[in-house]
Amino acid sequence: MTEQQLDSLFRYISKYTVPAPYGPEDISLNHGIHLSGGDPFLNYELLLKAVDLAKEYEIPSVFVETNCFWCLDDQTTRERFLELKAAGMHGVMISVNPFYLEFVPFERTERAIRIAHEIFGNNLAVYQTEYYRRFIELGISGTVKYKDYLKIEPEQVFMCNVEFFLTGRPICALSGILDNYYPRYEAEVLLEQPCRPDFVRPWHNHFDNYSNYMPSYCAELSYGNWNDLDHFVGTEPDPDEKPVLSMIIQNDFKTLLEFSRNEGCIDDPAGYFSKCHLCVDIRKYLSENGDYKELSPLEYYKHFG
Ligand code: SF4
């Protein structure tokens, strides 16, 4: 995002953000805002500016997510966390999972957690702590290729006490592995399931650098440009203008499936792991075979594993 985009976005969303239950200087995954990426530390100056702007617009409960790639030494890590805190950042969330472990040496993650805890105290979140605990227990250092991690913990990756969303591109990229752990279902079996959590909700929505306002965790399904946020809040999209979005908001996946079949989409004969798997499969097909402005950014659909 540019600084100007951040300024506009924070101005729009400031009136909708509410503080964490314990107070505006505490953090919570579903209150206030969190700055994510990519990794916001790729542009540290902009991250600092974002904290300034959040303060200017009195946005509560602000934290940043990072995968710790930048935590090369104690001094830099401490300096940056201290500088961010002084600027008004309330907390930090550190990502720990086997996917980042492929690229970020675990020493950097450990360093970030140790120093962030000194500086942010209870406003340090580790996502996911179960992986952190396991990596420590396994004595992991450096990076570990995902295929090698699967050899160390073959049964644990998906079945242990961690969250793993069966949605988006990962479910397609990892389908060969997931087949060892999860059953698949025919499309019809999944249609009546509700979106979990609700697709439209007043908490945890996403705003990207292409100006998309994306409800929920549903990657690349855009309500529209967040410059029109006030217009979107409390209104339903025009079904002629955004048919896919409209059917999803109605939770009318039966019609969406029929619609996609009429457009030539063929069900995966192997079936689907989840309703989200079916949903992304339909959206991918429609994005490649039509013009749906709600399937944005389009680039997302061009890079499936
Ligand atoms: S089914 Fe689609 S809209 Fe519903 S939660 Fe899953 S990805 Fe989102």
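One-based numbering, in listed order, for ligands and for the atoms of each. Values reported hereafter were calculated over all heavy atoms of this structure, with side chains retained and with hydrogens, waters and symmetry mates removed.
- The residues E220 and K302 are annotated as not salt-bridged, no charged nitrogen and carboxylate oxygen being separated by less than 4.0 angstrom.
- Heavy-atom contacts of F199 reach the following atoms of ligand 1: 3 (S) (cutoff under 4.0 Å).
- Classification of E118 and R78 as a salt-bridged pair holds, one side-chain N sitting under 4.0 Å from a carboxylate O.
- Looking from atom 6 (Fe) of ligand 1 to the surrounding protein, the closest heavy atom is C276 SG, 2.3 Å.
- Residue C218: an N/O/S atom is found under 2.8 Å from atom 8 (Fe) of ligand 1.
- Residues H90 and N123 bring no donor and acceptor atom of their side chains to less than 3.5 Å of each other.
- Using a cutoff of 4.0 Å between basic side-chain nitrogens and carboxylate oxygens, R111 and E107 are not scored as salt-bridged.
- Coordination check, C195 versus atom 4 (Fe) of ligand 1: passed, since an N/O/S atom of the residue sits under 2.8 Å.
- Across I249, I248, L256, T167, heavy-atom proximity to atom 3 (S) of ligand 1 is greatest for I248.
- A donor-acceptor pair shorter than 3.5 Å cannot be found between the side chains of R169 and Y300.
- For a distance bound of 2.8 Å, the N, O or S atoms of C279 include none lying that close to atom 6 (Fe) of ligand 1.
- Across C276 and L166, no two heavy atoms sit closer than the pair CB-O, 3.4 Å.
- Atoms of ligand 1 found under 4.0 Å from any heavy atom of F253, numbered from 1 in the order shown, are 1 (S).
- Atom 7 (S) of ligand 1 has R283 NH2, 3.6 Å as its closest protein atom, hydrogens excluded (heavy atom only).
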